Amino acid sequence: MGKAASAAPNICEPAMSDPHRIPSPGPATGDGSWIDSPAHGDWLLAQAADLFAFFRASPNPAGGFHTLDLAGRPLPSPVQELHTTTRLIHSYALGKLAGIDDGDDIIDHGMRFLWDRHRDTAHGGYFWSVDGSGPVDDRKLAYGHVFVLLAGASARMVGHPQADRLIDDATEVLDRHFWEDGPGLFADEFNRDWTPFSTYRGMNANMHAVEALVTAYEATGRAVYLDRAGRILSFFMGRVAPAHNWRLPEHYDADWRVDPHYSGNPMFRPAGTTPGHSFEMARLSLHYWDLAGRPDSDLPQIARRVMERALADAWDEARGGFVYTLGADGTPAIRDRYWWPVTEALGALAAFLKLEREAGDERWYRMLWDFANDHLIDHSAGGWFPELADDGTPDARQFAGKPDIYHAVQAALFPLAPGLSRLATSLRQG
């Protein structure tokens, strides 16, 4: 990767909330980091346990998983999307590794549904959404397929007997249809029969591909997964980020040129940049770099600049939390505040605190857990509220119920693993 072109953005330090209020995510006095504190570790374990308990209502006896309302009751829609199935498998595998929730029943339930219902036996690959009678949306999306690989890899780490079959099938489909070896990136979308229906290329699917690839490498030891993760990061972090003032444009054309005018699905493909993805890419960069043997590279410094740029751009000083999207110049665009960018910022900050004890990282880490504790964690019913109104109370304009466990449980578990990579091994040992 090339040398970084400019200094890190000069971000303002976050204002500290009252460090002595109760309940607190951990000790707020002294010079140590919360991630070193047994009290904070116990609090994180309790948060993870509450999440696993809440989402135990997800399995649908007819197959697949329900989406849950705010109280944890199944919503009536029969439609099951691929990322929901796969993320529950992955999350409960993490819970099993951490010794919090056995998870075998949910993992097995999800693995059967993936193979028997999401998988297209006629054309190969996996349907984006299905219901009791068959496919609802039969498109083949890279975003969904990389989550299939992630689910298989996580299932392998807990010894599921069908994990290798799923890993091999997902890998073959990704190789055959999505991987573009010239640019070293994944294409995005096809019709059911693998005819293309657009020339769109995007960062979101490739970002989650990095997540799946490093996990698959950890699960199998196959070097191709690590190599491809590195190529994706080389493009977005080594080339795109320095050229765009450490922001990461989301949308590209078929030749992988930034498409500044693209606007699609307001959740999965909003216009502009999505600072929550900058946090994810920063954490995944450190994960890859550590797995690769910590080579002499600019990647950790680039990851810090990307994370700090997103913190500076997206933090809402008046209301707290992060605005959802930004324009190319960092101006807030969609000002809605969702739970998942906060969880991803916590994951990135925890990774940097493991690498280097920076006081600014500690202040952000504490402040974001305080914010989550006060506004996002549902201490009564369980789970996290997915979005907030202007006054900081729960809102329901974009999401029905509590959509998934994935983001929040990773925010609780990742700080508990002592290393930057091989999280499964770290959680098991912890």
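Please read these numbers as outputs of a predicted model, since none were measured by experiment.
Using a 4.0 Å cut-off between a side-chain N of Lys or Arg and a carboxylate O of Asp or Glu, D120 and R192 qualify as a salt bridge. A salt bridge does not link K354 to D290: none of the charged nitrogens lies less than 4.0 Å from a carboxylate oxygen.
Just one of L226, L286, L420 meets the side chain to side chain contact (heavy atoms under 4.5 Å, CB included) condition when paired with L291; it is L226.
For R239, the side-chain contact (heavy atoms from CB on, under 4.5 Å) partners two or more places apart in sequence, or in a different chain, are F235. Applying the side-chain contact (heavy atoms from CB on, under 4.5 Å) rule to H277 yields the partners M203, N204, M207, E250, T274, E280, W340; only residues at least two apart in sequence or on another chain are considered.
Defined by atom type and a distance below 3.5 Å, a donor-acceptor pair is missing between the side-chain atoms of T343 and Y406. Defined by atom type and a distance below 3.5 Å, a donor-acceptor pair is present between the side-chain atoms of Y200 and H251.
Checked against a 6.0 Å centroid threshold, the rings of F236 and Y252 count as neighbours. Between H287 and F414, the gap from one ring centroid to the other reaches at least 6.0 Å. Ring-centre distance between H109 and F65: below the 6.0 Å cut-off. For F190 and H145, the ring centers sit 6.0 Å or farther from each other. Aromatic ring centroids of H375 and F385 lie 6.0 Å or more apart. Within the 6.0 Å centre-distance limit, the rings of W194 and F178 are counted as a close aromatic pair.
Taking the six-membered ring where the residue is Trp, H208 and F147 present tilted rings, their angle falling between 30° and 60°.
To the nearest 0.5 Å, atoms CG (L185) and CZ (R201) are separated by 9.5 Å.
Closest non-hydrogen pair, I107 versus A155, comes out as CG2-CB, 4.4 Å.
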